[in-house]
Amino acid sequence: RATRPEVESHIKHLKKYVIHSSQTQQIDPFLLSAILIDEYCRKELDDTLDFLAWFGLNTSVGVAQIKLKTAKEVIVAGYIKGVTPTISNPALYELLTDEGTCIAVCAGRIKQILVYWKQKGYPISHQNQAGIVGQLYSQGLGSPKANPKILARGRQITQFYSLAKAILHA
């Protein structure tokens with residue numbers, strides 16, 4: 001399990017990418033950081049499988065632990081400029097191992113979730129974004145509905161939101 005000093009160091013190291021990507025996608029940088037903290041704390045479990053994505057397996061990759069299939073969805077939807085939607089899995093894997101690119105794709109996914117829910121008539125309030133978007137980040141776009149229930153992962157990311165705010169403001 002990651003310690004608070006490790007998490008702080010990790011997010012401070014990624015801060016320039018977080019700021020750039022959150023501005024590009026016009027999303028909350030604290031939400032983006034909270035998801036990155038959650039993935040960082042879980043990463044040890046997933047790290048050994050990252051390389052399998054190079055062979056096309058839909059495993060999580062990079063600092064945002066984003067699955068290849070999800071990354072392709074974000075690219076195809078047009079949230080990442082300059083990457084062709086027909087990118088090969090090995091090339092996508094290589095892109096996602098770059099911290100800046102992986103964070104940009106994560107930010108694109110957050111924006112995609114927010115836009116999708118809004119288009120379906122259920123915009124996610126800023127008050128509930130950390131819990132709902134944080135939960136959907138690991139589950140998919142979900143089924144938009146009024147008053148979605150925030151589950152354990154969403155509650156964890158809501159807690160990380162406060163930590164992210166403290167780190168980015170330091």
Side-chain angles (χ1 to χ4, degrees), residues 1-2 7 11 14 17-43 45-46 49-50 53 56-81 83 85-87 89 92 95-96 101-169:
R1 181 128 197 179
V7 169
I11 295 302
L14 301 174
Y17 303 122
V18 168
I19 300 302
H20 176 75
S21 293
S22 61
Q23 288 173 345
T24 299
Q25 296 293 345
Q26 298 179 323
I27 62 165
D28 182 343
F30 308 125
L31 172 57
L32 176 55
S33 295
I35 289 172
L36 293 172
I37 291 169
D38 183 65
E39 294 300 343
Y40 180 73
C41 291
R42 296 171 184 278
K43 193 167 168 27
L45 305 173
D46 299 329
L49 302 177
D50 276 11
L57 293 174
N58 191 33
T59 189
S60 302
V61 180
V63 295
Q65 288 295 284
I66 195 157
K67 292 191 180 288
L68 286 183
K69 182 180 175 207
T70 302
K72 281 195 177 187
E73 287 175 11
V74 172
I75 292 165
V76 167
Y79 290 96
I80 305 299
K81 304 296 180 217
V83 180
T86 58
I87 188 170
N89 284 334
L92 182 56
L95 273 178
L96 293 174
T101 303
C102 194
I103 291 170
V105 174
C106 177
R109 182 54 164 195
I110 293 168
K111 182 69 171 194
Q112 184 182 33
I113 291 166
L114 292 169
V115 167
Y116 178 76
W117 276 61
K118 186 175 182 179
Q119 288 174 340
K120 296 293 183 182
Y122 298 99
I124 300 170
S125 71
H126 185 74
Q127 172 185 335
N128 292 324
Q129 273 187 16
I132 296 167
V133 175
Q135 185 171 296
L136 292 170
Y137 182 78
S138 68
Q139 294 176 344
L141 293 174
S143 300
K145 57 186 160 275
N147 304 314
K149 188 174 181 178
I150 299 173
L151 304 175
R153 184 109 183 233
R155 287 191 300 273
Q156 179 68 63
I157 292 170
T158 299
Q159 291 174 349
F160 286 148
Y161 185 92
S162 298
L163 177 58
K165 208 171 197 178
I167 295 168
L168 290 180
H169 279 198

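All of these numbers come straight from a predicted model, not from anything done at the bench. Residue numbers count from 1 along this sequence.
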*Asks:* Side chains of Y161 and D28: do they bring a donor and an acceptor to under 3.5 Å?
*Replies:*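 D28 and Y161 do have a side-chain donor-acceptor pair below 3.5 Å.
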
*Asks:* Tell me, with the steps shown, if L36 and I103 meet side-chain contact (heavy atoms from CB on, under 4.5 Å).
*Replies:* CA-CA 8 Å; L36 293 172; I103 291 170; 4.0 Å; yes

*Asks:* Atom NZ in K72, atom OG1 in T86: separation rounded to 0.5 Å?
*Replies:*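 Rounded to the nearest 0.5 Å, the NZ-OG1 separation comes out at 8.0 Å.
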
*Asks:* Before you tell me yes or no, could you show the steps for T59 and L68 under side-chain contact (heavy atoms from CB on, under 4.5 Å), namely the whole-Å CA-CA distance, both residues' side-chain angles and the distance that decides it to 0.1 Å?
*Replies:* CA-CA 7 Å; T59 189; L68 286 183; 6.0 Å; no

*Asks:* Do the side chain of D38 and the main chain of I157 share a donor and acceptor less than 3.5 angstrom apart?
*Replies:*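 No: the side chain of D38 does not pair with the backbone of I157.
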
*Asks:* Looking only at heavy atoms, what is the nearest atom pair of F160 and C41, with distance?
*Replies:*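 Smallest interatomic distance, heavy atoms only, reads CZ-SG, 4.1 Å.
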
*Asks:* Tell me whether the count of non-hydrogen atoms from other residues, nucleotides or ligands lying under 6.0 Å of NZ in K67 goes above 12.
*Replies:*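 Enclosed: over 12 neighbouring heavy atoms sit under 6.0 Å from NZ of K67.
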
*Asks:* When rounded to the nearest 0.5 angstrom, what is the spacing between CD1 in I27 and SG in C106?
*Replies:*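 Separation between the atoms: 7.0 Å.
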
*Asks:* After noting the C-alpha distance and the side-chain angles of Q25 and L32, does the key distance pass the side-chain contact (heavy atoms from CB on, under 4.5 Å) rule?
*Replies:* CA-CA 11 Å; Q25 296 293 345; L32 176 55; over 6 Å; no

*Asks:* For C102 and I66, work out which heavy atoms get closest and say how close.
*Replies:*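 The answer is SG-CG2, 4.1 Å.
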
*Asks:* What is the distance from atom OG of S162 to atom CD1 of I167, rounded to the nearest 0.5 Å?
*Replies:*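 Rounded to the nearest 0.5 Å, the OG-CD1 separation comes out at 11.0 Å.
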
*Asks:* Output the distance between atom CD1 (I150) and atom CZ (R155), rounded to the nearest 0.5 Å.
*Replies:*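 Answer for the CD1-CZ pair, I150 versus R155, is 8.5 Å.
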
*Asks:* How far apart are the closest heavy atoms of R153 and E39, and which atoms are they?
*Replies:*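 Closest pair (atom of R153, atom of E39, distance): NH2-OE2, 2.8 Å.
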
*Asks:* Drop me the distance from I80's CD1 to K111's NZ, to the nearest 0.5 angstrom.
*Replies:*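 Going from CD1 on I80 over to NZ on K111, the span is 12.5 Å.
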
*Asks:* Evaluate side-chain contact (heavy atoms from CB on, under 4.5 Å) for T101 paired with V83, printing each intermediate quantity in order.
*Replies:* CA-CA 10 Å; T101 303; V83 180; 5.8 Å; no

*Asks:* Is it true that a side-chain atom of Q135 and a backbone atom of K149 form a donor plus acceptor pair closer than 3.5 Å?
*Replies:*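 Yes; judged by distance alone, with no hydrogens or angles, the pair exists.
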
*Asks:* Are Q139 and L151 packed together at the side-chain level, in the sense that at least one heavy-atom pair is separated by less than 4.5 angstrom?
*Replies:*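 The answer is yes; the side chains approach within 4.5 Å.
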
*Asks:* What's the shortest heavy-atom distance between G142 and L136, and which atoms?
*Replies:*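 For G142 versus L136, the nearest heavy atoms are CA-CD2, 3.8 Å.
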
*Asks:* What's the spacing between L141 CG and T70 OG1 if we round to 0.5 Å?
*Replies:*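 The distance works out to 8.5 Å.
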
*Asks:* Report yes or no: does S21 contribute a side-chain atom to a donor-acceptor pair with the main-chain N or O of V18 at less than 3.5 Å?
*Replies:*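 Pair absent, no side-chain N/O of S21 close to backbone of V18.
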
*Asks:* Taking all heavy atoms of Y122 and all of K145, pick out the closest pair and write down the distance.
*Replies:*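 That would be CD2-C, 3.4 Å.
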
*Asks:* Of all the heavy-atom pairs spanning P85 and I75, show the shortest one and how long it is.
*Replies:*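 It is CA-CG2, 3.9 Å.
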
